[in-house]
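These notes are about the structure you will find just below.
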Amino acid sequence: MQKPSIPKGTRDFTPAEMLRREYIFNTIRGVFKKYGYSPIETPAMENLSTLLDKYGEEGDKLLFKILNSGDFLSKTSLPSENPGDSNKFSLEISEKGLRYDLTVPFARFVVQNRNSINFPFKRYQIQPVWRADRPQKGRYREFYQCDADVIGSNSLLNEVELLQIIEEVFEALRVNITVKLNNRKILAGISEVIGEPEKLTDITVAIDKIEKIGPEKVIGELKERGLSDPAISALEPFLCMKEQNLELISRLKTLLGDSETGMKGIEEIENLFRLLTKIDSALNIEFDLTLARGLNYYTGAIIEVKANDAEIGSICGGGRYDNLTGIFGLPDVSGVGISFGADRIYDVLNQLELYPEGIVTATQILILNFGEKEQEYALSLAQQLRRAGIRTEIFPDSVKIKKQMNYANNQNIPFVLMVGEQEIINNSFTLKDMASGEQASLNPGEIISRLAEYQTD
RNA sequence: GUGAAUGUAGCUCAGUUGGUUAGAGCACUGGAUUGUGGUUCCAGGGGUCGUGGGUUCAAGUCCCAUCUUUCACCCCA
């Protein structure tokens, strides 16, 4: 017999773990709803044509592809006939793939359902995504994203609203965060001003690493990527700017004056900061010129959130994309969205033990099983308690009390109720508080009011 | 895709220069206690030593391959 196992980078979750995860999902979902976002779901798999070329070359490599059904080999050339081109071959035997994020399927959804959608469309979506990455710290092959996007509106109010959502979610989860903000138009402006507009991707990828590897190595990498020496020396002042937020904005105005796109980006971020002063936000926001974000489709604001007290990558990210639906045949529709990385948030909360107490238990009271007659009575008593909103279970088998007590302990059930012959006659039952060990003899009404004090949800 | 570490009971781990029948704690089962758990005491079950090959009289231990997990790079939530 083989040992059972699950695929690399995937995980099972026990009931105790799921209670913690549901707490995170419920918190995020609650905030999304509060701001008027509506839920949608899309299939786990998409046509590969929907997914390919949306995430850059690296992203394509990380797509999980699904083998066609049936005798697909008979319809295709054998791999030995085109050696070294397994990528091309894989497209001959695979036409579906697992979704890589929720934004691209959402864009596809919007285009496909454009006639029934009421714009501006505010949707949230909480579903798993898959990446064929090599797993490591905070990185899984299957993980949940919690997305909120507004599509069909250019207004910066949407960016502000998404920042409010970020603030509210992490405040509720009690995670201290720093929000990093940048704008792709500013990055485009920089590459224009230094005379290398086509090298925008190379430039952003390289300067994204500046904190990690330092300016010298970034310059080295840019040389490798074919950036000219005059362009590099023109770029250098941008790499070592120490100004913050508003000062940085005014400094950039003098440097990017020649780039229309760049100035537009500055104007956007300036307005965003101005709007933020109106909402009484305590968010710790940094305008970070080195924030690039990999996903190719971003065109305006880009947002990334880091946990201050835990060593893990970003726990939330997003930005504005002006033409993602254009690829699917619906041009000139701008969208902006954020994505919470639920699994990383889960790791942060586990690391810092930030869960509230009430979530470790589902059942509030266990009715012990004393035998055939007693369990019939317990059945109706349990129903009374449940109607009063108390999460109740009956131990299904009339086994030793020790075992039933042990079950209550292991499940973290705070109360057990003894329903024996004497208790039934007196209509008064022994309620035991499992934490203190105290017992009291109470009638059903008294039990309900006693339990009501422990309502936590 | 590149580089490194790791794998022994359900879980966390010990296992000497290669040498008889591979151990502990926790968990589980039974009992001390037939209606009182979380503490205690006694007893018990549970192992293809990740997998496959090789070296050797002899491999958990050494060598090779492969898989898993973990960490870093690339990239990313």
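In the text below, chain A, chain B and the rest are named by the order of the sequence lines, each starting its count at 1.
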Identify, between A:Glu304 and A:Thr430, the residue whose nearest nucleotide on RNA chain B lies closer to the 5' end. A:Thr430

If you assign each of A:Thr10 and A:Cys316 to its closest nucleotide in RNA chain B, which residue comes earlier from the 5' end? A:Thr10

If pairing requires Watson-Crick or G-U wobble contacts with both distances under 3.5 Å, which nucleotide is the partner of [N]?
N	answer
B:U33	none
B:A24	B:U12
B:G3	B:C71
B:U61	none
B:A77	none

Whole-angstrom distance between [N] and [M], as gauged at atom [atom1]:
N	M	atom1	value
B:A72	B:U55	C1'	34 Å
B:G52	B:U16	P	23 Å
B:C13	B:U70	P	13 Å
B:G3	B:C26	P	44 Å
B:U2	B:A65	P	14 Å
B:A59	B:G19	C1'	10 Å
B:G15	B:U21	C1'	15 Å
B:U51	B:U8	C1'	14 Å

Starting at atom [atom1] of [X], determine the distance to atom [atom2] of [N], rounded to an integer number of angstrom.
X	N	atom1	atom2	result
A:Ile401	B:G37	CD1	P	10 Å
A:Ile312	B:C75	CD1	P	19 Å
A:Lys61	B:C75	NZ	P	10 Å
A:Asp133	B:A72	CG	P	12 Å
A:Asn409	B:G37	CG	C1'	5 Å
A:Lys403	B:G37	NZ	P	14 Å
A:Glu221	B:C75	CD	P	6 Å
A:Lys306	B:C76	NZ	C1'	11 Å

Describe, in one word, how the ring planes of A:Phe395 and A:Tyr407 are oriented to each other, choosing from parallel (under 30°), tilted (30 to 60°) and perpendicular (over 60°). perpendicular

Between A:Tyr346 and A:Phe13, what is the ring plane arrangement, given parallel below 30°, perpendicular above 60°, and tilted in between? perpendicular

Phosphate OP1/OP2 of [N]: any [X] side-chain N/O under 4.0 Å:
X	N	value
A:Gln136	B:A72	yes
A:Lys400	B:U33	no
A:Lys8	B:U70	no

Sugar-phosphate, base or nothing in reach of [X], heavy atoms under 4.0 Å:
X	answer
A:Glu57	nothing
A:Lys209	sugar-phosphate
A:Glu142	nothing
A:Arg225	sugar-phosphate
A:Tyr407	nothing
A:Gly59	nothing
A:Gly56	nothing
A:Asn406	sugar-phosphate
A:Gly9	sugar-phosphate
A:Gly313	nothing

I'd like to check A:Glu372 versus A:Ser398 (side-chain heavy atoms, cut-off strictly below 4.5 Å). Are they in contact? no

Looking only at the side chain of [X] (C-beta and beyond, no hydrogens), which of the listed nucleotides [options] gets closest?
X	options	value
A:Met418	B:A72, B:G35, B:A32	B:G35
A:Met434	B:G35, B:G37, B:C75	B:G37
A:Asn410	B:G3, B:A77, B:C28	B:C28
A:Tyr140	B:G37, B:C74, B:A77	B:A77
A:Pro135	B:C75, B:G35, B:U70	B:U70
A:Lys137	B:G37, B:C71, B:U69	B:C71

What I want to find out is whether [X] reaches [Y] closely enough, with some N-O distance under 4.0 Å, to be called a salt bridge.
X	Y	answer
A:Lys61	A:Glu58	yes
A:Glu221	A:Lys217	no
A:Lys122	A:Glu161	yes
A:Glu168	A:Lys33	no

Distance criterion of 3.5 Å, no angle test: do you see the side chain of [X] paired donor-to-acceptor with the base of [N]?
X	N	answer
A:Lys432	B:U36	yes
A:Arg131	B:C75	no
A:Gln439	B:U36	yes

Any donor-acceptor N or O pair under 3.5 Å, side chains A:Thr299, A:Arg320: no

Step by step, work out the ring pair (Phe, Tyr, Trp, His ring centres under 6.0 Å) result for A:Phe25 and A:Tyr144. CA-CA 10 Å; A:Phe25 290 126; A:Tyr144 272 78; 5.1 Å; yes

Are A:Arg123 and A:Phe106 in a cation-pi setup, meaning NZ or CZ lies under 6.0 angstrom from the ring centre and within 45 degrees of the ring axis? yes

Identify the two heavy atoms, one from A:Tyr23 and one from A:Leu354, that lie closest to each other, and give their separation to 0.1 Å. OH-O, 4.5 Å

If you take any heavy atom closer than 4.0 Å to RNA chain B, which residues from residues 335-347 of chain A end up in contact? A:Arg344

When you look at A:Gln125 and A:Thr42, which way does the side-chain hydrogen bond (donor to acceptor under 3.5 Å, both in side chains) test go after all the steps? CA-CA 9 Å; A:Gln125 187 172 358; A:Thr42 62; 3.0 Å; yes

